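For clarity, every value in this text was computed on a predicted model and none was experimentally measured.
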Amino acid sequence: MSAPTYTRHPRSTRGGVDIRLPWWALALPVLAFVALLLLILNPADAHAAAEQPAISHLLERLEQLTAR
């Protein structure tokens, strides 16, 4: 005996798509970015940034902002 199957029409939607990200979907990339930024600002690696004064000035400024 066969049972009836109910299939939706491919174009039928229930009023649109509601996509919500969990809190960690935004927090993890921000955390990774901050961790990498702090690794760049490590004073032990300052000799690499000293070759380009504009970049070293920017990195010093970012280090000052993150230290607050």
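A continuous path of ILVMFWY side-chain contacts below 4.5 Å connects Leu28 to Trp23, so both sit in one hydrophobic cluster. Transitive grouping of hydrophobic side chains (ILVMFWY, heavy atoms separated by less than 4.5 Å) keeps Leu37 and Leu65 in distinct clusters.
Once rounded to the nearest 0.5 Å, the distance linking OG1 of Thr66 with CZ of Arg61 reads 11.5 Å. Here CD1 of Ile40 is found 10.0 Å from CG of Leu58. Values are rounded to the nearest 0.5 Å.
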